[in-house]
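Here is the structure we will look at.
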Amino acid sequence: MALPLKYNLRSLFLRKMTTLATAGGIALVVLVTLLLLSLVAGLRHMLISTGRADKLVVLRKGASSDVMSFITRDAYQAIRYLPGIAQTPEGEPLVSPESISQPLLPTKAGGQEIVLMRGVTPIGFQVHSNVRLVAGRMPNPSVNEAIVGVAAARRYQGLEVGDSILFGNYKWNIVGTFSSNGTAYESEVWLDVGSLFNNDAKRGCSGIRLVVAPGADQEALIRRIADDPRISLLAQSEIAYYEEQAVGARVLYLLTLVLALIMGVGAVFGAMNTMFAAVTHRTAEIGALRAIGFSRRSILASFITESVCLSFLGYLGGVMLGVCTIFAINSLLQGLAFQLPSFSTVVVSLRISPTSLLVAFGLAIFMGLVGGFFPARRAARLQVTEALRKG
Amino acid sequence: MIEIHQVSRLYRRGVDEVHALEDVSLQIPDGTFVALMGPSGSGKSTLLNLIAGLDQPTSGVVKVGAQNLNGLSEDQLAAWRAAHVGFIFQFYNLIPVLSAIENVEVPLLLTRLAKADRRKHAELALSIVGLADRKHHLPNQLSGGEQQRVAIARAIVVDPELIVADEPTGDLDAKNADDILSLLRQLKSEFHKTVVMVTHDPRAIRYVDQTFHLEQGVLVNGATAVEHA
């Protein structure tokens, strides 16, 4: 039969300061773990939700992002009328050539960051149909107007509606702010470049976004583009493209786990120290319980339970701190900047996911179990007669 | 009946051997109140531990009621103690974070009683020791005498046949010591418990049926009956 939980809880309460100090150490580990996991979750969510299943990203073969890609006018023309591509009601293919630049822009906090500027033609706004204006208006074609994603507008100086920026020897007037359901596009500035190619065959674009017609064989279209020997392009679904961009998140996730484990080991020693002190302080109590008839297993279980309660207390504290910190980061700082493999910066809103909570919970319980096991084993191994003499 | 037959207990301390008990034999009939007396280091606590099933003899036989304690495993001894022995310690050994009634309930956690029944038994035990009105107090809110009464309630709550007490008056003033000895006497006379007590307290002789004197691990007087006024 187990000792009642209230025995453990009240014993923890009796040693308030020690309990708070140890739980505080565990809470800090939980907090840092939760913050990092929330960054990873926010980043993954943002990047993966940016991709749409019916869109393809077309890049030069060997390029892993728009930044490294270049597509000529001829190649663009070659794929524009391929079968399987959706069209506007007017019969224009939903194929958007896009030109990517990455200038440094000043942040409102006083720093400088690489921001992705996407040069688009009017068809681009129809290809990216999830882009919605939240302020101002859409740009007029070919008059050097730009719209700015809401995350970029919040983070960088001079990107409000009515502002203008100098870029590529031109002054661009900002006429609108857009959102796109929290996707990476919200960290970008979109310039309406009218026509990317004009009559100059040497000009090109960085990449192409296109929409696959409903019911069309997407894989066949991808194969067709890849197999065309004239253009040397590679198409992939937009979802797959952004999953590749999220590879940094996977590395960060692994680093987070390693860091959490290292911090966890430190907190384990804290918990162990507290529980060893508890066993020493309560030796006579343990002797009495063993004399009354409680088995070694009951004593072991009781002290491990106490240690797990201690770590659970730390977990609750860590989660509460984490929720407050994440709320503050998202609302006061408008999220955290994160650099993608393509070097452009995206603004990530931290997200507390059930998985993050579960991982932090597992870490806290692990700290409690390991930190409690050795002291509990010492308690269980006490000789009854020796323990009673310590009274 | 408690039967101790040619019991020896040897401890090893490094290369030294300490003979805590040597060839002790005695019998304690059921329902008697006995005191084990003797100077410090005489082996009386060792004998009490053997009778209570907290320790095993190096040689000889310890039998309590129908149960031969020799050769029982640690778990078997723990189960036997839980059902048959009540413990009273010099420093009470109450759990400081539990109230008086919760402390008394602790041994009942090892039984199959439901929570409500456990509470009823604990209240009854506390009323026997005269502390029904102090049941919600924590140990540090009680005097030494009251704490020892709670410990006695804890010892009797599972209705064991045997109660062992190790210096139960050692930490009490004269008035409280007399009260506790009277209470132990009452357990013997009214509830027919066998009470085995280790004590240095000479007042105890007035309350017990029998004393056993030990010196250097040897029983120096067998069964001296004590006359009661």
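Naming convention: chains lettered A, B, ... in sequence-line order (proteins, then strands); numbering from 1 in each chain. Since the model is a prediction, treat every value here as computed from it, not as a measurement.
- In A:F276, the CZ atom is crowded: over 12 heavy atoms of neighbouring residues, nucleotides or ligands sit closer than 6.0 Å.
- In this view, A:E285 and A:R282 satisfy the salt bridge (Lys or Arg N to Asp or Glu O under 4.0 Å) rule, not counting sequence neighbours.
- A 6.0 Å sphere centred on CD of B:Q216 holds no more than 12 heavy atoms belonging to other residues, nucleotides or ligands.
- For the atom pair CG of B:L54 and CD of A:Q383, the computed distance is 10.5 Å after rounding to the nearest 0.5 Å.
- No more than 12 heavy-atom neighbours from other residues, nucleotides or ligands sit within 6.0 angstrom of NZ on B:K120.
- Within residues 11-35 of chain A, the residues having any heavy atom less than 4.5 Å from a heavy atom of chain B are, in residue-number order, A:S11, A:L14.
- More than 12 non-hydrogen atoms from other residues, nucleotides or ligands lie less than 6.0 angstrom from CZ of B:F191.
- Of the listed residues (B:V164, B:I95, B:V85, B:N49), the one with the most heavy-atom contacts under 4.5 Å to chain A is B:I95.
- Using a 4.5 Å cut-off on side-chain heavy atoms (C-beta onward), A:L289 and B:N93 make no contact.
- Using a 4.5 Å heavy-atom cutoff, the side chains of A:F294 and B:L109 are in contact.
- Residues forming a ring-ring contact (aromatic ring centres under 6.0 Å, His included) with A:F361 (at least two apart in sequence, or on another chain): A:Y315.
- The environment of B:E215 atom CD is sparse: at most 12 non-hydrogen atoms of other residues, nucleotides or ligands sit within 6.0 angstrom.
- Only the side chain of B:E102 comes within contact range of chain A, with at least one heavy atom under 4.5 Å from a heavy atom of that chain.
- For residues 58-83 of chain B, a heavy-atom distance under 4.5 Å to chain A picks out B:E74, B:D75, B:A78, B:R81, B:A82, given by residue number.
- Within 6.0 Å of NE2 in B:H200 there are more than 12 heavy atoms belonging to other residues, nucleotides or ligands.
- In this structure, A:L388 and B:F87 have side chains that are not in contact, with every pair of non-hydrogen atoms separated by 4.5 Å or more.
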Check step by step if side chain to side chain contact (heavy atoms under 4.5 Å, CB included) holds for B:L98 and A:K6. CA-CA 8 Å; B:L98 300 183; A:K6 64 186 169 195; 4.3 Å; yes

